[in-house]
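Okay, so here's the structure we're looking at.
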There are 2 protein chains.
Amino acid sequence: MNITIKDVAKAANVSVATVSRVLNNKNNVSEEAVRAVNRAVDDLGYSPNFLGRDLRKSETKRILAIIGTTEQSFYNDVLRGMQDAAYVEGYDILIVTTRDNAEHEMHLLGMLFSRAVDGAVLLAPRLDSKTISDLSKRYRIAICLERLDIDDILCVTIDNERAGFDVTSYLIAKGRKRIGLITTKVRSQSSVDRENGYRRALKAAGIPYDEKLVYYGDYDLSSGTRGCEELMSLDSKPDAIFSISDTISIGAMTYAVQHGITVGKDLLFFGFDNITYSHMFMPRLSTVDQPCYLQGKTVIEKLIANMKTDTPDKSTYMLPHSLILRESTGD
Amino acid sequence: MNITIKDVAKAANVSVATVSRVLNNKNNVSEEAVRAVNRAVDDLGYSPNFLGRDLRKSETKRILAIIGTTEQSFYNDVLRGMQDAAYVEGYDILIVTTRDNAEHEMHLLGMLFSRAVDGAVLLAPRLDSKTISDLSKRYRIAICLERLDIDDILCVTIDNERAGFDVTSYLIAKGRKRIGLITTKVRSQSSVDRENGYRRALKAAGIPYDEKLVYYGDYDLSSGTRGCEELMSLDSKPDAIFSISDTISIGAMTYAVQHGITVGKDLLFFGFDNITYSHMFMPRLSTVDQPCYLQGKTVIEKLIANMKTDTPDKSTYMLPHSLILRESTGD
DNA sequence: TTGCCTATTGAAAACGATTAGAATTTATTG
DNA sequence: CAATAAATTCTAATCGTTTTCAATAGGCAA
């Protein structure tokens with residue numbers, strides 16, 4: 001039914017070994033054989049079955065990128081970086097979504113256990129760090145955009161704690177005393193780290209931490225809106241709001257604008273990620289820029305390097321972030 | 001080195017055949033054997049090598065979803081629909097991006113030719129329709145969100161021509177006479193269809209087509225901004241602008257707002273896709289809602305059905321769209 | 001002609017699973 | 001208890017490649 005290497009061999013009047021050699025551009029094969037094989041391949045419309053090849057070679061040249069959902073628009077640059085790095089080494093990146101479900105994440109990692117891919121990058125791990133850490137002993141895994149509290153696994157990220165500290169310190173330097181935080185119920189390490197940075201900055205400035213000023217929501221626009229509404233209904237309202245993502249922050253800012261609050265003066269806003277939308281609307285949103293493309297590129301380079309060695313690199317790499325100051329903080 | 005089914009067989013003191021039967025939940029195997037095998041599997045931490053299994057079975061239970069970039073936020077719902085439909089049939093969806101490059105699209109389709117996946121869905125084909133049509137004769141391929149001008153391939157989409165007609169007719173009914181169109185240089189079938197609908201509506205209303213009113217740009221926000229700027233610098237300015245995506249339309253509207261144009265009165269805006277951002281900002285954007293989740297779900301159901309038969313369904317399914325009227329059209 | 005070296009080639013053994021079909025064990029029946 | 005049926009189990013073939021190793025052919029020197 002299907003055309004196999006045997007059919008090509010027969011048509012070209014050579015052995016399957018020779019066909020294989022031609023297909024893989026080995027040098028020890030005569031001009032004549034090359035021609036005959038290529039003709040047969042064309043005539044029959046043959047293309048090699050990767051299942052056979054991969055089984056024999058025990059490698060697939062494919063890497064899994066496990067994300068939560070494709071919604072987070074800044075993944076796009078990360079994935080571009082990953083693809084570019086993979087391309088130069090002859091790998092393909094397969095994207096797969098967990099829909100923020102740990103069980104499904106484990107199911108997808110099954111592709112790794114069962115050798116359907118050579119390695120995996122987790123971009124929004126929901127599994128607990130012990131599990132991931134154990135897996136990383138047997139398989140080629142890396143984390144990107146996040147880190148694990150157990151740090152015996154390859155990680156490429158930014159210093160989120162530091163970024164949270166930087167943002168909060170900046171708002172304090174602007175004379176703000178009651179700084180709200182809109183974060184997520186889901187305790188991703190990056191959210192926790194940003195929150196810790198926020199607390200450290202408060203402490204460093206001698207401002208007492210007030211749990212009422214912290215809102216725990218989801219990752220979407222409307223969650224930001226609800227968060228802002230909640231915080232602004234407090235008896236002593238915040239004078240600045242730091243959100244752990246631009247999407248959330250834009251949702252929050254929308255509430256303020258629609259309720260006549262002067263953004264950038266009465267209330268400052270600071271986001272995170274520097275997505276396209278963050279500078280398209282008035283007032284433009286101050287935010288933290290993280291090197292998405294570079295993180296993606298780096299994690300794949302390191303991961304592929306790890307595949308080639310018995311002594312894998314398990315370091316955590318923190319790439320530099322920067323604050324982008326715009327109208328939402330009165331800049 | 002790696003643990004194979006043989007190791008499990010040895011540890012459980014049975015043959016590989018029995019191990020395989022236990023692993024695949026066949027009924028003709030004794031309780032005792034099941035226990036022994038399961039224990040051995042746990043002890044050894046074995047998980048089956050899919051390359052071996054897939055080769056033998058000649059199926060992978062994986063379907064490729066080929067998109068342009070993950071940027072387009074409305075893909076998220078489509079992919080969710082695809083995954084849900086795939087899940088009930090035991091398939092996984094692998095997402096892969098062409099970065100809008102036909103050559104790379106062909107490379108990715110290689111996974112189909114080489115049997116690394118069982119089928120593929122094209123969500124933003126860049127290859128010419130002849131090529132795709134030919135491939136669909138040998139492989140299980142479907143199109144989603146788009147269609148081909150050659151219609152001998154499974155397609156799940158909306159009636160984009162009709163939608164373009166509906167939008168334009170609505171604007172005309174609102175008394176508008178000079179209706180601008182912001183579309184894309186890349187001639188995707190959906191863009192072409194929407195543009196054709198636009199023209200048909202003009203003609204039906206006896207309004208002459210004016211090529212100056214059509215701007216060809218990219219898919220992003222800033223392209224909308226540039227498009228609006230260009231159209232508004234015409235001697236006889238448009239009194240309404242239809243953009244082929246919300247992202248573009250929001251970019252366009254941003255230009256208007258920032259230049260003191262009263263949106264919804266001086267200038268009406270109509271978008272396409274009903275993305276989250278479209279109703280988050282004042283003025284809220286009127287747009288076309290297309291059933292993303294349903295299209296994704298449907299295309300996978302039909303594709304999997306096609307995999308089980310020798311007489312595949314090559315129909316084009318057009319699911320219903322609807323107009324969402326908001327402030328940008330004065331509603 | 002013979003021998004030796006090199007360049008090609010082919011036969012057959014992997015890779016790790018599934019699955020027919022044969023072989024064995026166990027249960028059932030007269 | 002023997003004969004038969006049913007339930008398990010095993011051996012070995014198979015999927016489509018790559019790759020080792022042996023075999024062959026051709027060229028060249030002696």
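We name chains A, B, ... by the order of the sequence lines, and we start the count at 1 in each one.
- Nearest-nucleotide assignment on DNA chain D puts the 5′-proximal partner with B:E31, out of B:E31 and A:T4.
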Notebook entry, point to check: Given A:D151 and A:T316, is the side chain to side chain donor-acceptor pair (under 3.5 Å) satisfied, shown in steps?
Noted result: CA-CA 7 Å; A:D151 66 345; A:T316 294; 5.1 Å; no

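- In the 5' to 3' direction, nucleotides of DNA chain C lying under 4.0 Å from heavy atoms of chain A begin and end at C:dT8 to C:dG16.
- The closest side-chain donor-acceptor pair between A:D92 and B:H107 falls under 3.5 angstrom.
- Between the CD1 atom of A:I3 and the C1' atom of D:dT17 there is a distance of 16 Å, given to the nearest Å.
- Between B:D84 and A:R99 there is a salt bridge, since at least one side-chain N of the basic residue sits less than 4.0 Å from a carboxylate O of the acidic one.
- Enclosure of atom CZ in A:R187 by more than 12 non-hydrogen atoms of other residues, nucleotides or ligands within 6.0 angstrom is indicated.
- Rounded to a whole Å, the CG atom of A:N28 is 11 Å from the C1' atom of D:dT19.
- Interatomic distance, NE2 of A:H104 versus OH of B:Y87, reported as 7.0 Å (0.5 Å rounding).
- Between the P atom of D:dT9 and the CD atom of B:E32 lies a distance of 8 Å, rounded to the nearest Å.
- In this model, the phosphate group of D:dC10 is approached by a side-chain N or O of B:S15 to a distance below 4.0 Å at OP1 or OP2.
- Looking at residues 49-57 of chain A, you'll see A:L55, A:R56 sit with a heavy atom under 4.0 Å from some atom of DNA chain C.
- Atom pair B:K26:NZ and D:dC10:P shows a separation of 16 Å (rounding to whole Å applied).
- Judged by closest nucleotide on DNA chain D, B:V14 is the one of A:V16 and B:V14 placed further toward the 5' end.
- In this structure, a donor-acceptor pair under 3.5 Å is absent between the side chains of A:S136 and A:S133.
- Closest heavy-atom contact between B:E146 and B:T157: O-CB, 3.5 Å.
- For the residue pair B:I141 and B:L154, the shortest heavy atom distance occurs at O-CB, 4.2 Å.
- Nucleic acid contact class of B:R21 (heavy atoms, under 4.0 Å, all strands): base.
- For the residue pair A:T60 and A:D118, a side-chain donor N or O sits within less than 3.5 Å of a side-chain acceptor on the partner.
- At a threshold of 4.0 angstrom between heavy atoms, the contacts of B:S20 include nucleobase atoms, whether or not backbone atoms are also involved.
- Note: CG (B:N13) to P (D:dT8) measures 18 Å, nearest angstrom.
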